[in-house]
Amino acid sequence: MSLLEERNMELVKHWEWTWNNDVMRMVDECYAEDCEVSDMLRNRTFHGREELRLIEKQMMAIDASRRLTVVNMVAAGNTVAVETNGTRDGGKVLTKGCAVLTFNDEGLIVIDHSYGGDPTNLAESDPRA
């Protein structure tokens, strides 16, 4: 494994920690200003930190108890495929997902292609509308 791949896997651990502990910090510390975040199953894409903040604020308003655990990572160059287990409703609802994260040279996520269910049903509406 290259040093770049090791760095990116460490960055995924920070992404996981901030997702669980301070989601706005995750947006600011883990994502590039001009990031692209796509919900691949619903064919929706958000551009930039501000749009990502909108969806994250809505998700937290629905359930601030949500948690994410990375269960597997595979790194190739600037990209890390991440398998996750998630919980919400205080751990009562379990979800599984996958994210393909691409990092820039500064170690920020520039592309996030996420695949997974939506236990909140929030994905049915567009937070930008």
Side-chain angles (χ1 to χ4, degrees):
M1 179 175 306
S2 73
L3 290 176
L4 176 66
E5 291 163 342
E6 288 178 18
R7 177 204 75 165
N8 292 339
M9 290 177 72
E10 286 300 314
L11 292 169
V12 168
K13 292 176 186 177
H14 181 66
W15 172 79
E16 174 188 28
W17 186 91
T18 56
W19 197 93
N20 288 321
N21 293 286
D22 187 342
V23 74
M24 290 305 126
R25 183 174 165 188
M26 176 201 69
V27 172
D28 292 332
E29 293 181 10
C30 298
Y31 286 85
E33 191 70 43
D34 61 345
C35 63
E36 173 190 293
V37 179
S38 296
D39 177 343
M40 300 303 286
L41 297 179
R42 289 163 200 83
N43 195 29
R44 293 189 328 164
T45 300
F46 300 96
H47 298 279
R49 286 182 185 160
E50 291 309 312
E51 287 188 7
L52 182 54
R53 274 190 192 89
L54 286 174
I55 189 70
E56 292 298 346
K57 285 178 183 177
Q58 288 185 352
M59 296 290 268
M60 292 304 289
I62 290 171
D63 187 358
S65 74
R66 70 184 190 153
R67 295 295 175 262
L68 176 91
T69 303
V70 171
V71 294
N72 192 26
M73 291 186 278
V74 178
N78 278 334
T79 302
V80 181
V82 183
E83 290 180 288
T84 63
N85 287 339
T87 61
R88 66 174 293 251
D89 288 339
K92 297 176 192 163
V93 177
L94 301 175
T95 62
K96 296 198 177 277
C98 179
V100 179
L101 306 175
T102 302
F103 294 88
N104 64 15
D105 291 340
E106 289 76 41
L108 296 171
I109 298 166
V110 289
I111 300 172
D112 174 340
H113 288 178
S114 291
Y115 302 80
D118 176 26
T120 65
N121 294 319
L122 182 61
E124 302 310 315
S125 62
D126 190 330
R128 300 168 292 189

**Student:** Passes side-chain contact (heavy atoms from CB on, under 4.5 Å), Leu41 versus Asp39? Steps please.
**Tutor:** CA-CA 6 Å; Leu41 297 179; Asp39 177 343; 4.0 Å; yes
**Student:** If hydrophobic clusters are built from ILVMFWY residues whose side chains come within less than 4.5 Å, do Val70 and Val80 share one?
**Tutor:**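 Yes, Val70 connects to Val80 through the hydrophobic network.
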**Student:** Could you walk me through whether Glu16 and Asn20 pass the side-chain contact (heavy atoms from CB on, under 4.5 Å) check?
**Tutor:** CA-CA 6 Å; Glu16 174 188 28; Asn20 288 321; 3.9 Å; yes
**Student:** So, are Glu10 and Lys13 salt-bridged, with charged N and O less than 4.0 Å apart?
**Tutor:**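 Looking at Glu10 and Lys13, the cut-off is met.
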**Student:** For Trp19, does the six-membered ring have the charged nitrogen or CZ of Arg66 within the cation-pi criterion, i.e. under 6.0 angstrom from the centroid and within 45° of the normal?
**Tutor:**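 Ring-cation test returns yes.
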**Student:** Given 3.5 Å as the limit, does a donor-acceptor pair link the side chain of Glu36 with the main chain of His47, or not?
**Tutor:**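 Looks like no, no N/O pair under 3.5 Å.
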**Student:** So which atom in Trp17 and which in Arg25 form the shortest heavy-atom distance, rounded to 0.1 Å?
**Tutor:**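 For Trp17 and Arg25, the tightest heavy-atom pair comes out as CZ3-NH1, 3.3 Å.
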**Student:** Counting only heavy atoms from other residues, nucleotides and ligands, does the tally under 6.0 Å from CG of Asn72 exceed 12?
**Tutor:**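 More than 12 heavy atoms, drawn from other residues, nucleotides or ligands, come within 6.0 Å of this atom.
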**Student:** Ion pair present between Arg44 and Glu51, side-chain N to carboxylate O less than 4.0 angstrom?
**Tutor:**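 Here Arg44 does not pair with Glu51 in a salt bridge, since their nearest N and O are not under 4.0 Å apart.
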**Student:** Under a 3.5 Å distance rule, please check whether Asn85 uses its side chain to pair with a backbone N or O of Thr69 as donor and acceptor.
**Tutor:**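 Answer holds: no.
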**Student:** Which value, rounded to the nearest 0.5 Å, describes the distance between Asp22 atom CG and Glu29 atom CD?
**Tutor:**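 Taking CG in Asp22 and CD in Glu29, the distance rounds to 8.0 Å.
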**Student:** So which atom in Glu6 and which in Met1 form the shortest heavy-atom distance, rounded to 0.1 Å?
**Tutor:**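 What the structure gives for the nearest pair is CG-SD, 3.6 Å.
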**Student:** Using the side-chain contact (heavy atoms from CB on, under 4.5 Å) rule, pick out the option among Leu52, Val12, Ile109, Leu108 that qualifies with Cys30.
**Tutor:**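 Exactly one candidate clears the test, Ile109.
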**Student:** Would you check, one step at a time, whether the test side-chain contact (heavy atoms from CB on, under 4.5 Å) holds for Met24 with Lys57?
**Tutor:** CA-CA 8 Å; Met24 290 305 126; Lys57 285 178 183 177; 3.6 Å; yes
**Student:** Can you name the nearest heavy-atom pair linking Ser65 to Arg88, along with the distance?
**Tutor:**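 Closest pair (atom of Ser65, atom of Arg88, distance): OG-C, 3.9 Å.
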